[in-house]
Amino acid sequence: MITILAGGTGSVKLVRGMSSQTRDISVIANVGDNYWLYGLYICPDIDTILYGLADILDTQKGWGIKKDTYGFLRQMEVMGEETWFKIGDRDAAIHLMRTNMLKNGKNLSDITEWMCRKFAIDTKIIPVTDNSVETRIVTNKGDLHLQEYWVKYKGQDKVEGIKYVGADKARANPAAVNAIHDSKLVVIAPGNPLTSIGPILSIKGIRKELSKSKKKVVVVSPLIGGSAVSGPAAKYMEAAELEVSVYGLAKMYSEVASHIVIDASDRTHIRKIENLDMKVHETKIKMNDKKDEDALAQFILKQTHV
Ligand code: FO1
């Protein structure tokens with residue numbers, strides 16, 4: 001079995017690549033950017049993996065369902081609601097189902113398992129916790145939910161820090177802990193280290209199990225040459241006072257991982273990373289199409305002898 005820690009639009013490509021190479025895969029999904037809107041519970045990272053594996057993801061945007069329509073949102077606008085978060089009609093159906101099931105007493109894990117079955121997905125998608133963990137961006141004007149900071153206000157304000165509200169009390173999903181324990185390989189996908197993977201690592205039970213399993217944990221860099229492949233990773237790393245490089249990344253993960261896959265253009269950092277007692281593997285990490293996704297997955301499996 002292989003477990004992948006995933007969150008955000010960068011992760012889904014590797015999840016897809018791995019799923020086409022091997023069958024028994026569990027994905028531990030970030031819940032820190034889940035968001036309540038219009039009474040609906042939206043889980044962007046779970047949905048991106050669901051849609052990606054069901055082959056209905058809008059790959060241009062990296063989120064939502066391809067060729068979705070926006071009649072629901074237009075009507076919300078007519079009713080005087082804010083419509084900065086672009087929920088498509090088909091996407092809204094998923095949020096509505098999930099919210100109803102929550103109201104009927106189901107937990108997020110069971111709902112997600114049910115959705116995997118509905119989409120005929122073999123890969124297990126495991127929310128890292130069934131409790132609430134909220135990623136909040138601390139700015140010079142106060143703190144905001146991640147979706148408000150990034151989508152509503154377009155990431156304009158200066159970031160002073162990042163908080164995972166509720167993480168200290170959240171119970172790690174036992175299925176996630178078991179998946180890490182039972183896997184022969186654990187891959188930390190190339191997601192934003194602070195807002196996609198950070199909330200997963202902020203849960204004590206997960207961090208502890210990863211530290212114990214460190215020998216089989218591989219991080220895939222989301223950085224190439226000191227810039228994020230996509231999104232605001234560099235900005236958040238600066239705010240967390242981390243060096244914005246694959247070395248800074250390796251340092252951040254060195255407690256929970258012993259391998260790192262970096263882009264060949266970052267090879268100047270290899271020696272420094274090796275001093276952190278991490279094994280470095282260099283290849284082309286940017287995934288532009290399915291061929292790249294499969295090639296990176298094959299590379300990881302080969303390098304780690306799985
Ligand atoms: N990202 C945007 O930049 N703009 C949006 O309007 C937007 C809507 C949206 C709706 C549903 C969903 O599941 C994701 C959505 N995202 C949107 C993506 C989301 O903000 C982030 O990319 C993830 O939370 C990062 O993991």
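Residue numbers run from 1 in the order of the sequence given.
What you find for Ala228 and Ala234 is that their closest heavy atoms are CB-N, 4.3 Å. Residue Thr135 comes nearest to Pro199 through the heavy atom pair OG1-CG, 3.4 Å, listed as atom of the first residue, atom of the second, then distance. For Lys86 against Tyr70, the heavy-atom pair with the smallest separation is O-CE2, 3.8 Å. Between Ile260 and Ile273 the shortest heavy-atom distance is CG2-CG2, 3.8 Å. When all heavy atoms of Ala179 and Ile126 are compared, the pair lying nearest together is CB-CD1, 4.2 Å. Among all heavy-atom pairs drawn from Ile46 and Ala29, the shortest one is CG1-CB, 3.8 Å.
Listed for the Lys204 side chain is no donor-acceptor partner under 3.5 Å among the backbone atoms of Ala172. Thr69 contributes no side-chain N or O that, together with a main-chain N or O of Gly71, makes up a donor-acceptor pair within less than 3.5 Å. A donor-acceptor distance shorter than 3.5 angstrom exists from the side chain of Gln147 to the backbone of Asp33, with no hydrogens or angles considered. A donor-acceptor pair under 3.5 Å is formed between the side chain of Ser258 and the backbone N or O of Lys215. At distances below 3.5 Å, at least one donor-acceptor pair connects side-chain atoms of Arg136 with backbone N or O atoms of Asp143. For Asp292 (side chain) and Asn288 (main-chain N/O), a donor-acceptor pair under 3.5 Å exists by modelled atom type. Between the Asn104 side chain and the Asn100 main chain, a donor and an acceptor come within less than 3.5 Å of each other. Judged by distance alone, with hydrogens and angles left aside, the side-chain atoms of Ser183 form no donor-acceptor pair with the main-chain N or O of Val186 at under 3.5 Å. Using a distance-only test at 3.5 Å, with no hydrogens or angles considered, no donor-acceptor pair links the side chain of Lys216 to the main chain of Thr304. Checking side-chain atoms of Asp130 against main-chain N and O of Asn107 turns up no donor-acceptor pair under 3.5 Å.
Within a 6.0 Å sphere centred on NZ of Lys169, heavy atoms belonging to other residues, nucleotides or ligands number 12 at most. The 12-atom threshold is exceeded at CZ of Arg207, counting heavy atoms of other residues, nucleotides or ligands nearer than 6.0 Å. When the shell of 6.0 Å around NZ of Lys208 is examined, it contains 12 or fewer heavy atoms from other residues, nucleotides or ligands. Counting heavy atoms of neighbouring residues, nucleotides and ligands inside a 6.0 Å radius, atom NZ of Lys66 exceeds 12 of them. By the neighbour-count criterion of 12 heavy atoms within 6.0 Å, atom OH of Tyr153 is sparsely surrounded, having that number or fewer from other residues, nucleotides or ligands. Enclosure of atom NZ in Lys235 by more than 12 non-hydrogen atoms of other residues, nucleotides or ligands within 6.0 angstrom is indicated.
The existence of a salt bridge linking Glu293 and Lys13 is excluded, since no basic side-chain nitrogen approaches an acidic carboxylate oxygen closer than 4.0 Å. The pair Lys67-Asp58 does not count as a salt bridge, with every side-chain nitrogen at least 4.0 angstrom from each carboxylate oxygen. Using a cutoff of 4.0 Å between basic side-chain nitrogens and carboxylate oxygens, Glu255 and Lys214 are not scored as salt-bridged. The pair Arg23-Asp122 meets the salt-bridge criterion, with a side-chain N (NZ, NE, NH1 or NH2) lying under 4.0 Å from an Asp/Glu carboxylate O. The pair Lys279-Glu274 does not count as a salt bridge, with every side-chain nitrogen at least 4.0 angstrom from each carboxylate oxygen. Contact check on Glu77 versus Arg74 returns no salt bridge, with no Lys/Arg side-chain nitrogen under 4.0 Å from an Asp/Glu carboxylate oxygen. Electrostatic pairing of Asp157 and Lys141 counts as a salt bridge here, judged by a charged N lying under 4.0 Å from a carboxylate O. Salt-bridge check for Lys124 with Asp24: passed, with a basic side-chain N closer than 4.0 Å to an acidic carboxylate O.
Note that CG of Asn131 is 8.0 Å distant from CD1 of Ile203, once rounded to the nearest 0.5 Å. Rounding to the nearest 0.5 angstrom, the gap separating the CD1 atom in Ile25 from the CE atom in Met18 is 7.0 Å. Between the OG atom of Ser213 and the CG atom of Leu185 there is a distance of 11.0 Å, given to the nearest 0.5 Å. In this structure, the separation between CD1 on Ile56 and OH on Tyr51 is 6.0 Å, given to the nearest 0.5 Å. In this structure, CE in Met115 is found 7.0 Å from CG in Asp47, a value given to the nearest 0.5 Å. Here the CG atom belonging to Leu102 is positioned 6.5 Å from the CG atom belonging to Leu108, to the nearest 0.5 angstrom.
Counting heavy atoms from C-beta on, the side chains of Ile137 and Trp150 never come closer than 4.5 Å. Between Phe299 and His281, some side-chain heavy-atom pair lies under the 4.5 Å cut-off. Within the 4.5 Å cutoff, the side chain of Cys43 has no heavy atoms near those of the His95 side chain. Considering only heavy atoms from C-beta on, Thr268 stays 4.5 Å or farther from Tyr247 through its side chain. In this structure, the side chains of Leu53 and Ser19 come closer than 4.5 Å at one or more pairs of heavy atoms. With a 4.5 Å cut-off on side-chain heavy atoms, Val187 and Thr3 do not count as touching. Taking 4.5 Å as the limit, some side-chain heavy atom of Trp84 sits within range of a side-chain heavy atom of Glu148. Using a 4.5 Å cut-off on side-chain heavy atoms (C-beta onward), Leu73 and Phe85 make no contact.
Side-chain contact check for Asn173 and Thr129: no donor-acceptor pair (N or O, by modelled atom type) lies under 3.5 Å. Checked by atom type, the side-chain pair Asp45/Thr48 shows no donor-acceptor distance below 3.5 Å. For the residue pair Asn30/Ser196, the side-chain donor-acceptor check at 3.5 Å is not satisfied.
Between Trp36 and Tyr41, the angle of the ring planes lies from 30° to 60°, which puts this pair in the tilted group. In this pair, Tyr149 and Tyr236 present their aromatic rings tilted. The plane angle is within the 30 to 60° band.
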Quick one: do Glu134 and Leu146 satisfy side-chain contact (heavy atoms from CB on, under 4.5 Å)? Show the steps, please. CA-CA 8 Å; Glu134 190 175 301; Leu146 170 77; over 6 Å; no
Could you please spell out the steps behind the side-chain contact (heavy atoms from CB on, under 4.5 Å) verdict for Val138 and Val159? CA-CA 6 Å; Val138 184; Val159 182; over 6 Å; no
Could you go through Leu96 and Leu40, starting from their C-alpha distance and side-chain angles, then the distance that decides it, and tell me whether this counts as side-chain contact (heavy atoms from CB on, under 4.5 Å)? CA-CA 6 Å; Leu96 187 62; Leu40 299 176; 3.7 Å; yes
Under the ring pair (Phe, Tyr, Trp, His ring centres under 6.0 Å) criterion, do Tyr35 and His145 qualify, and how do the steps go? CA-CA 8 Å; Tyr35 192 58; His145 188 286; 4.6 Å; yes
Would you please test Ile285 and Ile262 for side-chain contact (heavy atoms from CB on, under 4.5 Å) and show each step? CA-CA 7 Å; Ile285 59 169; Ile262 63 167; 5.9 Å; no
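Connection of Met287 to Leu301 is established within a shared hydrophobic cluster, with ILVMFWY side chains joined at heavy-atom distances below 4.5 Å, either directly or through further cluster members. In this structure, Ile197 is a member of the same hydrophobic cluster as Val244, with clusters built from ILVMFWY side-chain heavy atoms closer than 4.5 Å. Leu210 and Met1 end up in different hydrophobic clusters when Ile, Leu, Val, Met, Phe, Trp and Tyr side chains are linked at under 4.5 Å. Under the 4.5 Å side-chain heavy-atom criterion for ILVMFWY residues, no single connected hydrophobic cluster contains both Met97 and Trp63. Clustering ILVMFWY residues whenever any of their side-chain heavy atoms sit less than 4.5 angstrom apart, transitively, puts Val246 in the very cluster that holds Leu276.
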